[in-house]
Amino acid sequence: MWLAGMAVNSTSQLFKSLLVTSELIDGQNRGRLASSSLYDICTRVHDCILKSGMDQNPYVANKLMRVYIRCGKVQDARHVFDKLVKKNVFNWTTMIGGYAEHGRPADAIEVYNQMRQEGGRPNEVTYLSILKACACPVGLKWGKEIHAHISHGGFRSDVPVQTALVNMYAKSGSIKDARLVFDEMAERNVITWNVMIGGLAQHGFGQEAFSLFLQMQEEGFVPDSTTYLSILTATACSSAGALGWVKEVHRHAVKAGFDSDMRVCNALVHVYSKSGSVDDARLVFEGMLDRDVISWSAMIGGLAQNGCGHEAFSLFLKMQREGVIPNVTTYCVMYSRGMQ
DNA sequence: CTAGGGTTAG
């Protein structure tokens with residue numbers, strides 16, 4: 001690690017290295033630097049920041065919080081946040097977003113409420129962050145309150161915020177409310193459609209998801225890979241009669257060139273098995289140029305569950321010959337059924 | 001200058 005070995009002795013140098021490092025992690029170099037060494041740099045920079053009294057600078061504090069959160073050290077970020085006497089909207093939003101990223105809705109809502117009590121004005125980004133935190137079953141009761149704040153706060157026509165609301169309702173189990181918000185939106189974008197389609201599919205409403213999939217195209221929106229990944233979920237496709245519209249979605253995917261997208265193909269393999277057509281699953285699988293552990297596991301699972309135990313096992317051997325290492329899921333699907 | 005809505009495998 002070039003940064004770890006670098007001679008860093010002044011505060012500004014350290015801070016600069018922290019910024020560079022966090023950008024490295026953010027960008028295409030993600031994963032190259034171990035988060036443990038980033039955390040190490042981060043704590044050293046933190047020391048210098050404290051010594052120089054810069055910890056009360058909202059910009060500096062925010063950068064520091066972001067990097068701590070990126071290392072998975074939300075508690076450290078919270079410490080920086082709590083020490084900050086004057087917090088701006090970025091600090092509040094970063095803290096809420098940090099909890100959202102780490103699936104801690106109660107903590108996120110605590111900070112959000114504290115913000116409101118202290119007279120802080122949430123903006124659209126703050127709402128995106130808090131809604132993300134509440135996008136889970138326990139978050140519904142808080143999500144409804146935030147919905148009211150958003151309606152009163154003048155964010156009724158903000159497409160990202162309204163989309164985040166649709167997502168929050170869908171993920172927290174209230175698909176009817178998700179649909180209500182969606183239907184009332186005057187303006188939408190592809191993400192809005194993807195969220196609604198994915199929500200319906202996740203709740204088992206495959207037919208409804210499919211009709212929205214058609215409707216979005218009638219309205220001039222072009223489905224992207226996320227649209228396909230969202231609609232092709234097992235719950236939506238395992239219901240009776242799903243095979244028909246799944247094939248239709250498949251045809252669209254091929255026409256749009258997504259038959260070369262590994263993730264889309266993985267979803268197709270999985271979903272064809274679930275809707276009862278191992279033959280179609282096999283066809284997609286065999287046509288794939290690249291296959292990862294998910295592709296292999298999906299195909300093996302499909303075979304095992306459809307009474308083709310021997311073929312599943314020989315595929316399990318083949319994947320390893322091709323250098324793909326099985327993981328827990330691979331073993332789970334292999335021994336789930338049909339392997340005797 | 002800083003925070004950011006959606007995404008595939010028991």
Side-chain angles (χ1 to χ4, degrees), chain A residues 19 22-23 26 57-67 69-70 77 81 87-98 100-101 115 122-135 150 155 158-168 170-171 178 181 185 188-199 201-202 223-238 253 258 261-271 273-274 281 284-285 291-302 304-305 326-337:
Chain A
L19 297 191
S22 90
E23 273 159 30
D26 270 337
N57 178 312
Y59 173 83
V60 171
N62 209 54
K63 274 290 180 191
L64 193 57
M65 287 166 64
R66 266 316 305 166
V67 183
I69 290 165
R70 201 142 297 257
F81 176 80
K87 302 170 176 70
N88 67 17
V89 67
F90 291 91
N91 305 125
W92 290 107
T93 304
T94 298
M95 199 62 248
I96 292 167
E101 272 174 43
M115 176 186 191
N123 63 18
E124 65 276 15
V125 185
T126 318
Y127 285 123
L128 293 181
S129 303
I130 191 63
L131 286 173
K132 186 179 183 179
C134 296
I150 287 167
F155 293 98
D158 188 293
V159 177
V161 168
Q162 293 298 313
T163 301
L165 265 174
V166 175
N167 184 53
M168 181 277 295
K171 293 276 163 59
V181 176
M185 287 174 73
R188 305 181 185 114
N189 62 22
V190 191
I191 299 180
T192 316
W193 286 93
N194 290 351
V195 165
M196 194 64 244
I197 288 170
Q202 216 86 58
D224 60 13
S225 62
T226 306
T227 316
Y228 289 98
L229 292 176
S230 302
I231 195 168
L232 297 171
T233 74
T235 18
C237 306
S238 52
F258 286 109
D261 187 309
M262 187 166 64
R263 283 142 60 226
V264 172
C265 289
N266 288 352
L268 281 166
V269 170
H270 184 227
V271 139
S273 311
K274 285 285 173 189
V284 174
F285 181 79
R291 302 182 187 101
D292 61 5
V293 65
I294 298 179
S295 328
W296 290 96
S297 304
M299 192 66 245
I300 290 168
Q305 278 159 21
N327 63 17
V328 189
T329 306
T330 320
Y331 288 102
C332 284
V333 300
M334 263 240 314
Y335 294 109
S336 56
R337 193 197 290 253

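Within every chain, numbering begins at 1; the chains are lettered A, B, ... in the order of the sequence lines, protein sequences first and strands thereafter.
The phosphate of B:dA3 has neither OP1 nor OP2 within less than 4.0 Å of any side-chain N or O from A:Arg70. Look at A:Asn167 and you'll find a side-chain N or O under 4.0 angstrom from OP1 or OP2 of B:dG6. The phosphate of B:dT8 has neither OP1 nor OP2 within less than 4.0 Å of any side-chain N or O from A:His270.
Side chain of A:Asn62, nearest nucleotide from B:dG5, B:dA9, B:dT2: B:dT2. Of the listed nucleotides (B:dG10, B:dG5, B:dT7), B:dT7 has the atom at the smallest distance from the side chain of A:Lys171. Relative to the side chain of A:Arg263, the nucleotides B:dT8, B:dG10, B:dC1 differ in distance, and B:dT8 lies closest. Of the candidates B:dG10, B:dT2, B:dA9, the closest approach to any side-chain atom of A:Lys63 belongs to B:dT2. When the nucleotides B:dG5, B:dT7, B:dT8 are ranked by their closest atom to the side chain of A:Asn266, B:dT8 comes out on top. For A:Ile294, counting side-chain heavy atoms from C-beta on, the closest listed nucleotide (B:dG5, B:dA9, B:dG10) is B:dA9. Distances from the side chain of A:Leu229 to the nucleotides B:dG10, B:dT8, B:dG5 place B:dT8 closest. Across B:dT2, B:dG5, B:dA9, the shortest atom-to-atom separation from the side chain of A:Tyr59 is found for B:dT2. Counting only heavy atoms from C-beta on, A:Ser297 has its side chain closest to B:dA9 among B:dA9, B:dT2, B:dG5.
Whole-Å rounding puts the A:Gln202 CD to B:dG6 P distance at 13 Å. Counting to the nearest Å, the P atom of B:dG4 and the CE atom of A:Met95 are 12 Å from each other. Taking atom CG of residue A:Asp224 and atom P of nucleotide B:dT8, one finds them 13 Å apart after rounding to whole Å. As rounded to whole Å, 15 Å separates atom P of B:dG4 from atom CG of A:Leu131. Counting to the nearest Å, the C1' atom of B:dG4 and the CE atom of A:Met168 are 17 Å from each other. The CD1 atom of A:Ile197 sits 15 Å away from the C1' atom of B:dG5 (whole-angstrom rounding).
Across all strands, A:Thr329 comes closer than 4.0 Å to base atoms (heavy-atom distances). Using a 4.0 Å heavy-atom distance criterion, A:Val125 is classed as a base contact. Residue A:Val264 is out of contact with every strand shown, counting any heavy-atom pair closer than 4.0 Å. Nucleic acid contact for A:Lys87: none, since no nucleic acid atom lies under 4.0 Å from a heavy atom of the residue.
Evaluation of atom-type donor-acceptor distances gives no pair under 3.5 Å for the side chain of A:Asn91 against the base of B:dA3.
Applying the side-chain hydrogen bond (donor to acceptor under 3.5 Å, both in side chains) rule to A:Asn167 yields the partners A:Lys171; only residues at least two apart in sequence or on another chain are considered.
Ring geometry for A:Phe258 versus A:Tyr228: interplanar angle of 30 to 60°, hence tilted.
Side-chain atoms of A:Asn194 and A:Ser230 form no donor-acceptor pair, as typed in the model, at a separation below 3.5 Å. Side chain to side chain, A:Ser129 and A:Thr93 fail the donor-acceptor criterion of an N or O pair below 3.5 Å. For the residue pair A:Asp261/A:Asn266, the side-chain donor-acceptor check at 3.5 Å is not satisfied. Residues A:Asn327 and A:Thr330 bring a donor and an acceptor atom of their side chains to less than 3.5 Å of each other.
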